[in-house]
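Values in this document were obtained by computation on a predicted structure and should not be read as measured data.
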Amino acid sequence: MKLGSCLRGGRPVPVLFTDDGVHDLQVALADAAFLEREGLAPQRLSLLDLIAAGDAALAALRTLAADPSRLARARPAAGEGRVIAPLPRPPKNVFCLGRNYAEHIQEDNVSRDQKTELPKYPQFFTKPHTAIVGDGADIRYDERVTRRLDYEVELAAVIGRGGRDIAAADALGHVFGYTIVNDITARDLQRRHDQWFKGKGLDTSCPMGPWIVTADEIPDPHALRIQLSVNGEARQDASTGDMIFRLPETIESLSAGLTLEPGDVIATGTPSGVGYAMDPRRFLADGDVIECRIEGVGVLRNTVRATA
């Protein structure tokens, strides 16, 4: 299933995407038994609520997806509800991995004329919820803040069953589903502040979506083609199988002494092909259209817009 969010009346509403369109889950699940058990009001239901409700919610969603008549009654009116990021405000900052593809590390070394070893442990940083935007949203480009805006396509896992000290062998059982994140980065800020948060935490620097594909649709998250293009020109093209730290190891490391909650998002790093490592360097400009594509997940498309 493909699950996401639309904005209606200033509030995120959970939706189900099918070949027939977009379906309002506040309407479609209004009489679902698990809502009362979980103490959830249909008119205030969010995608985060559904993720936290676990197997009961998934069972209700699968029953719904198999019932075309119920789905037809749950279509939003034309023009009602703009698609936004599936999780516009996760429980925590978006967790991100840096330097998780060997070829990306190599291109970074070449671009800076240095040599660094492959990391021995996952390297984590975060992006705040204010950075999150959805499919089709603009990426803000303010030259007063940065002149070196760059892209990074990443597979992101969404936690379904929370926990702490999760063993690698159990880790994928804690994943609700997968989405796409574009780790937009201000390279000059990243270098100036000698850390990753500021350069990767600007408003609109975390496009996410267009939806979350439930884990049952992705048998192996490490066997997916991952691509990015700018204005139709291929820039990144690799396999998620090239990750240095795969999801089980990543979740085990991240959750050690740190509680993960339903709806937490973990972006797993980017492959080679980023703009700052090209010769000559090629940073994003006003009007650039970025398409992130991951096999089995979908396409995330955003446009860079200069601000006055």
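Note: the hydrophobic cluster containing V22 also contains W211 (ILVMFWY, side chain heavy atoms under 4.5 Å, direct or indirect links). By the criterion of side-chain heavy atoms lying less than 4.5 angstrom apart, applied directly or through intervening Ile, Leu, Val, Met, Phe, Trp or Tyr residues, F124 is grouped together with I251 in one hydrophobic cluster. Two different hydrophobic clusters hold W196 and I105 under the rule that ILVMFWY side chains link at heavy-atom gaps under 4.5 Å. No path of Ile, Leu, Val, Met, Phe, Trp and Tyr side chains, each step under 4.5 Å between heavy atoms, connects V158 with I226, placing them in separate hydrophobic clusters. Residues V181 and V274 do not share a hydrophobic cluster, clusters being chains of Ile/Leu/Val/Met/Phe/Trp/Tyr side chains in contact below 4.5 Å.
Each of V230, I139, L149, T303 was evaluated against D288; a single residue qualifies, V230, per the side-chain contact (heavy atoms from CB on, under 4.5 Å) test. The only member of I84, L47, L87 that meets side-chain contact (heavy atoms from CB on, under 4.5 Å) when paired with P12 is I84.
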(request) Please test I184 against L202 for side chain to side chain contact (heavy atoms under 4.5 Å, CB included), starting from the C-alpha separation and ending with a verdict. (result) CA-CA 9 Å; I184 296 294; L202 300 179; over 6 Å; no
(request) Decide yes or no on salt bridge (charged side-chain N to carboxylate O under 4.0 Å, His left out) for K127 and D183, but give the supporting numbers first. (result) CA-CA 9 Å; K127 296 173 83 80; D183 178 16; 2.6 Å; yes
(message) Could you go through D194 and R192, starting from their C-alpha distance and side-chain angles, then the distance that decides it, and tell me whether this counts as salt bridge (charged side-chain N to carboxylate O under 4.0 Å, His left out)?
(response) CA-CA 6 Å; D194 200 27; R192 181 185 307 157; over 6 Å; no
(request) Test R164 against D264 for salt bridge (charged side-chain N to carboxylate O under 4.0 Å, His left out), laying out the working first. (result) CA-CA 13 Å; R164 185 183 62 205; D264 278 337; over 6 Å; no
(request) Just do the side chain to side chain contact (heavy atoms under 4.5 Å, CB included) check on V153 and Q227 with the steps written out, would you? (result) CA-CA 7 Å; V153 59; Q227 302 167 277; over 6 Å; no
(request) Show your reasoning for whether side chain to side chain donor-acceptor pair (under 3.5 Å) applies to Y141 and R305. (result) CA-CA 6 Å; Y141 179 32; R305 296 293 184 197; over 6 Å; no
(message) Applying side chain to side chain contact (heavy atoms under 4.5 Å, CB included) to F125 and L97, what does each step give before you reach the verdict?
(response) CA-CA 6 Å; F125 63 94; L97 265 72; over 6 Å; no
(request) Please report the C-alpha distance between R148 and Q190 in whole Å, then the side-chain angles of each, then the deciding distance to 0.1 Å, and finally whether the side chain to side chain donor-acceptor pair (under 3.5 Å) criterion is met. (result) CA-CA 10 Å; R148 295 189 172 187; Q190 187 179 10; over 6 Å; no
(message) Before you tell me yes or no, could you show the steps for R62 and D216 under salt bridge (charged side-chain N to carboxylate O under 4.0 Å, His left out), namely the whole-Å CA-CA distance, both residues' side-chain angles and the distance that decides it to 0.1 Å?
(response) CA-CA 11 Å; R62 291 190 180 105; D216 58 301; 3.8 Å; yes
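Salt-bridge annotation for R140 and D142: present, with a side-chain N of the basic residue lying under 4.0 Å from a carboxylate O of the acidic one. Salt bridge present: D31 and R70 bring a charged side-chain N and a carboxylate O closer than 4.0 Å. At a threshold of 4.0 Å, the pair R187-E152 counts as salt-bridged, since one of the basic side-chain nitrogens sits closer than that to a carboxylate oxygen. For the pair R225 and D237, the salt-bridge criterion is met [side-chain N within less than 4.0 Å of a carboxylate O]. Using a 4.0 Å cut-off between a side-chain N of Lys or Arg and a carboxylate O of Asp or Glu, R161 and E261 do not qualify as a salt bridge. Under the 4.0 Å criterion applied to side-chain N and carboxylate O atoms, D188 and R147 are not assigned as salt-bridge partners.
Looking only at atom types and distance, the side chain of D20 has no donor-acceptor partner in the side chain of T18 under 3.5 Å away. Using modelled atom types and a 3.5 Å distance limit, the side chains of T116 and N109 yield a donor-acceptor pair. Donor-acceptor pairing under 3.5 Å is lacking for the side chains of S239 and D242. In summary, the side chains of Q236 and S272 do not present any donor paired with an acceptor at a separation below 3.5 Å, with no hydrogens or angles considered.
Distance NZ/K115 to CD/E117: 5.5 Å, rounded to 0.5 Å. Distance check: I218 CD1 to L172 CG gives 12.0 Å after rounding to the nearest 0.5 Å. With rounding to the nearest 0.5 Å, the separation of CG in L224 from OG1 in T240 is 4.0 Å. For the atom pair S5 OG and R11 CZ, the distance stands at 11.5 Å (nearest 0.5 Å). A distance of 6.5 Å separates CG of L40 from CZ of F34, quoted to the nearest 0.5 Å. Between R246 atom CZ and E252 atom CD the span is 15.5 Å, to the nearest 0.5 Å.
The two residues P42 and A30 come nearest to each other via the heavy atoms CG-O, 3.6 Å. Across P119 and I244, no two heavy atoms sit closer than the pair CD-CD1, 4.2 Å. The minimum heavy-atom distance between D24 and V15, with the atom names listed, is CA-CG1, 4.3 Å. The two residues A171 and I166 make their nearest non-hydrogen contact at CA-CG2, 3.9 Å. Scanning all heavy atoms of the two residues, the minimum distance from P271 to E107 falls at O-OE2, 4.2 Å. When all heavy atoms of P86 and T179 are compared, the pair lying nearest together is CG-OG1, 4.2 Å.
Ring planes of H104 and Y276: perpendicular class, angle over 60° (limits at 30 and 60°).
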